[in-house]
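First the proteins, then the strands, lettered A, B, ... as listed; each starts at 1.
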Protein chains: 2
Amino acid sequence: MSATNKLVRTEEHSGATCVAASEVVALIRDKWTILVLGALVRKDSLRYSEMQRTVGGISQRMLTLTLKRLEENGLVKRTIFPTVPPRVDYELTPLGRTLSKPLKGLLDWSMENRTAMSEARRVYAKGAKKATSR
Amino acid sequence: MSATNKLVRTEEHSGATCVAASEVVALIRDKWTILVLGALVRKDSLRYSEMQRTVGGISQRMLTLTLKRLEENGLVKRTIFPTVPPRVDYELTPLGRTLSKPLKGLLDWSMENRTAMSEARRVYAKGAKKATSR
DNA sequence: CGGAATCCACGCGGATACTG
DNA sequence: CAGTATCCGCGTGGATTCCG
């Protein structure tokens, strides 16, 4: 994750916006971050195994790494219950909850416009065929 | 990009939001997409070489691939001037311009909260040290 | 149950050289 | 100028195994 950060920061002349964005971008570039955050937004609080079922298709490794990074960045709160068998709950921190708003904006856009996007792909595919045959 | 898509779509039981998000998420996961979009938001219209300088640090390969994918998804308009030497202009489509709003929301959040995030990392680092030494 | 550790495949993306 | 093509390193992330 730090590798991505370093690289993006190489070009500071491209505007402060991009530089600042790199951290969040690096976070959501981690494939599962958005899905995990989305799960916590919808379900409010989840334990490890519940989360794995909710997100679906994620390996323990990736779930652990993703949660750890989110916790490390102050977006997710981790609560350990010293029972046996052990139990760990995850929930969004106040900071994480503020992120859910702009994130939701992006997800909403995605839902509203994905048909437009797939339609654009269809048109593009046809155009490419014509252009090639000329 | 389709690989990510296929994988995410494996778990449709996790909620329609995640499934729908996967397309946009897959797009912005492409390392340069956000920077390219950001450049087009700020500069409105750019030709290939201008874009490469504006984004900074991007290779021809990645610039071409990123632009092609954005065009394919109907977010970027590509205009070729059949002059010599050739000239190609890129600009956002109406669809692409609507994406800039939620995207900006995310970038703004990033700028406003990245100090909070790095502070959270500091705190987390200390806590980890104590927990380990026990 | 909730991880940590190890191994490894594959695809992203960088560097370079060539083309219309 | 605006790409395309090729090669390849390296990091991301999946599968499996073991631990408290």
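- In this structure, CD of A/E50 is placed 13 Å from C1' of C/dG2, rounded to the nearest angstrom.
- Under the side-chain hydrogen bond (donor to acceptor under 3.5 Å, both in side chains) criterion, the residue pairs touching residues 55-64 of chain B are B/Y48-B/T64, with sequence neighbours excluded.
- When rounded to the nearest whole Å, the span between CE of A/M51 and P of C/dG2 equals 10 Å.
- Nearest heavy atoms, B/T33 versus B/L27: OG1-O, 2.8 Å.
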Candidate pair B/R29 and A/K31, rule side-chain contact (heavy atoms from CB on, under 4.5 Å), full reasoning: CA-CA 7 Å; B/R29 266 179 48 88; A/K31 187 173 187 180; 3.1 Å; yes
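- For A/S59 and D/dA15, the shortest distance from a side-chain N or O to OP1 or OP2 is not below 4.0 Å.
- Residues B/P85 and A/M62 each lie close to DNA chain D; by heavy-atom proximity, the contact nearer the 5' end of the strand is made by B/P85.
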Pairs of donor and acceptor atoms involving the side chains of residues 78-85 of chain A, under 3.5 Å and at least two apart or interchain, shall be tabulated with distances.
| from | atom 1 | to | atom 2 | distance (Å) |
| --- | --- | --- | --- | --- |
| A/R78 | NH1 | A/Y90 | OH | 3.3 |
| A/T83 | OG1 | A/P85 | O | 2.9 |

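- Axis angle across the helix from C/dC1-D/dG20 to C/dG20-D/dC1, with five pairs used at each end and values rounded to 10°: 40°.
- Heavy atoms only, all atoms of each residue included: A/D44 and A/E91 are closest at O-CB, 3.5 Å.
- Residues forming a salt bridge (Lys or Arg N to Asp or Glu O under 4.0 Å) with B/E50 (at least two apart in sequence, or on another chain): none.
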Polar atoms only, N or O, under 3.5 Å: list the protein pairs with nucleotides 3-7 of chain C and their distances.
| from | atom 1 | to | atom 2 | distance (Å) |
| --- | --- | --- | --- | --- |
| C/dG3 | OP1 | A/R78 | NH1 | 2.7 |
| C/dG3 | OP1 | A/R78 | NH2 | 3.1 |
| C/dG3 | OP2 | A/Y90 | OH | 2.6 |

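- Between the P atom of D/dG20 and the CD1 atom of A/I80 lies a distance of 16 Å, rounded to the nearest Å.
- The CG atom of A/L63 sits 14 Å away from the C1' atom of D/dG14 (whole-angstrom rounding).
- Taking the charged nitrogens against the carboxylate oxygens, B/K68 and B/E71 have no contact shorter than 4.0 Å, which rules out a salt bridge.
- Between A/D89 and A/K77 the shortest side-chain heavy-atom distance does not fall below 4.5 Å.
- Distance, A/I58 CD1 to D/dA15 C1': 14 Å, rounded to whole Å.
- Taking side-chain N and O atoms only, A/R29 has a distance below 4.0 Å to OP1 or OP2 of C/dG13.
- Following rounding to the nearest Å, B/D30 (CG) and C/dG14 (C1') show an atom-to-atom distance of 15 Å.
- Summarising the geometry, the separation between CZ on A/R87 and C1' on C/dG2 is reported as 13 Å, rounded to the nearest angstrom.
- Of the listed nucleotides (C/dG2, C/dG20, D/dG13), C/dG20 has the atom at the smallest distance from the side chain of B/P86.
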Which donor-acceptor pairs under 3.5 Å do side chains of residues 95-105 of chain B form with protein atoms, sequence neighbours excluded?
| from | atom 1 | to | atom 2 | distance (Å) |
| --- | --- | --- | --- | --- |
| B/R97 | NH2 | B/L92 | O | 3.1 |
| B/T98 | OG1 | A/W109 | NE1 | 3.0 |
| B/T98 | OG1 | B/L95 | O | 2.6 |
| B/S100 | OG | B/R97 | O | 2.6 |
| B/K104 | NZ | B/D108 | OD2 | 2.9 |

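- At whole-Å resolution of the value, CG in A/L65 and P in D/dT12 are 10 Å apart.
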